[in-house]
Amino acid sequence: MRYSVVLALSLLFFAGCVRNEKHPVNFYYWKTDVSPGNTETDYFNKLGCRKLYLRFFDVDIENGRVIPKAGIIPFDAGTFQAEFIPVVFITNRTFERMTPDDLKRLAENFNQFIKEIKDKNNIPDTNEIQLDCDWTESTRSNYFFFISELKKITGKEISCTVRLHQIKYKEKTGIPPVSKAYLMCYATSNPAEFTGKNSILDISLLKDYTRNIETYPLTFDIALPLYSWAVVMNHLGKIKLINGITREDLPASCFKQINETDYEVENDFFFRGIYLNKGFIVRIEQITPDLLQKAKKYLNDKIRKPYGIVYYHLDKSFLERFTISDLE
């Protein structure tokens with residue numbers, strides 16, 4: 001009886017330790033101009049970060065041709081002490097009509113372009129390349145074939161992002177042939193739907209999509225958001241996004257608050273490069289420290305194996321809303 005009590009207490013203590021586990025923290029960097037300032041460097045160092053997941057370029061279809069776009073501006077990698085992990089965003093439509101030969105050529109060109117960027121910017125070689133693509137059931141065969149070809153050509157570990165619908169519906173979207181996944185625990189809904197929920201991160205939707213996250217068969221880290229935006233709806237119901245906006249950025253003289261998140265434009269004026277007419281509705285969607293803590297607690301309690309956290313993304317305007325302890 002005494003042994004049973006001791007064992008039960010030990011198991012309870014162990015479970016408590018798992019729930020309170022500290023997770024390694026790193027960041028994405030998603031700007032074309034790679035120039036982290038003092039704030040970014042300070043947060044990166046104080047959080048003990050080692051890796052910066054750096055978006056090298058995008059890949060898309062333009063006039064029927066697959067082309068690289070939005071490549072990073074040349075910079076000196078020696079000015080920021082980090083292991084730079086190349087990340088490439090690829091649109092889903094890129095894979096819609098590609099043949100196996102097309103995919104092989106894409107993998108070869110892809111590898112060459114990454115090498116050129118590394119050489120031009122004195123970026124030390126790493127053993128990981130990360131792909132970011134919102135693949136679907138109809139494109140998964142081509143995307144997965146491309147991953148396999150890239151792995152052969154580069155000889156490196158290929159990782160990829162996995163969106164919430166790809167977690168919940170993994171039987172339909174499939175499991176990518178990668179060494180590691182980065183589960184994007186944000187973008188819980190479409191901002192264009194204007195549903196009243198925070199489309200960046202809604203805890204109830206996060207729980208629904210990740211209900212069976214413990215059965216996801218790949219090793220994974222968790223990607224969490226720090227960003228914000230304004231969702232602008234005009235008189236016709238059309239939507240535009242203005243990135244990086246919080247409630248504090250709205251001039252009080254031009255807006256009337258309707259509820260906790262929505263504001264009505266009271267005067268015609270230009271705001272962050274967009275002309276707003278009287279009567280437009282602006283919804284502010286942002287990640288607060290409280291919302292971030294709720295998401296982290298849920299995931300920490302839910303996931304019973306080690307994982308790291310990668311925040312999106314390393315930018316002064318987002319970081320300064322959080323303390324170091326908020327992000328630990």
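With sequence neighbours excluded, no residue forms a ring pair (Phe, Tyr, Trp, His ring centres under 6.0 Å) with Phe89. Among residues two or more places apart in sequence or in another chain, the side chain to side chain contact (heavy atoms under 4.5 Å, CB included) test is passed with Lys256 by Glu264, Glu266. Applying the ring pair (Phe, Tyr, Trp, His ring centres under 6.0 Å) rule to Phe318 yields the partners His313; only residues at least two apart in sequence or on another chain are considered. Evaluation of the ring pair (Phe, Tyr, Trp, His ring centres under 6.0 Å) rule for Phe110 yields Phe57, Phe146 as partners, not counting sequence neighbours. The side-chain hydrogen bond (donor to acceptor under 3.5 Å, both in side chains) test applied to Asp221 returns Lys180, not counting sequence neighbours. Residues that satisfy the side-chain hydrogen bond (donor to acceptor under 3.5 Å, both in side chains) test with Asp132, not counting sequence neighbours, are Thr161, Arg163. Shown here are the side-chain hydrogen bond (donor to acceptor under 3.5 Å, both in side chains) partners of Tyr29, two or more places apart in sequence or in another chain: there are none. Evaluation of the side-chain hydrogen bond (donor to acceptor under 3.5 Å, both in side chains) rule for Tyr312 yields no partner, not counting sequence neighbours.
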In a table with atom names and distances, give each donor-acceptor pair under 3.5 Å that connects a side chain of residues 245-253 to protein atoms at least two apart or in another chain.
{"unit_1": "Thr246", "atom_1": "OG1", "unit_2": "Glu248", "atom_2": "N", "d": "3.4"}
{"unit_1": "Thr246", "atom_1": "OG1", "unit_2": "Glu248", "atom_2": "OE1", "d": "3.0"}
{"unit_1": "Thr246", "atom_1": "OG1", "unit_2": "Asp249", "atom_2": "OD2", "d": "3.2"}
{"unit_1": "Arg247", "atom_1": "NE", "unit_2": "Glu260", "atom_2": "O", "d": "3.4"}
{"unit_1": "Arg247", "atom_1": "NH1", "unit_2": "Gln286", "atom_2": "OE1", "d": "3.4"}
{"unit_1": "Asp249", "atom_1": "OD2", "unit_2": "Thr246", "atom_2": "N", "d": "2.8"}

Using residues 111-118 as the side-chain source, report each donor-acceptor pair under 3.5 Å to any protein atom, sequence neighbours left out, with the distance given to one decimal.
{"unit_1": "Lys118", "atom_1": "NZ", "unit_2": "Asp125", "atom_2": "OD1", "d": "2.7"}

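Checked against the 6.0 Å centroid threshold, Phe269 and Phe255 count as a close aromatic pair.
Pairs passing the side-chain hydrogen bond (donor to acceptor under 3.5 Å, both in side chains) check and including a residue from residues 267-282, sequence neighbours excluded, do not occur. Every pair tested for ring pair (Phe, Tyr, Trp, His ring centres under 6.0 Å) that includes a residue from residues 284-306 fails, sequence neighbours excluded, so the list is empty.
For Asn38, the CG atom sits in a loose shell: 12 or fewer heavy atoms of surrounding residues, nucleotides or ligands are nearer than 6.0 Å.
Inter-residue side-chain proximity for Ser204 and Lys197 is flagged as met; some heavy-atom pair is nearer than 4.5 Å.
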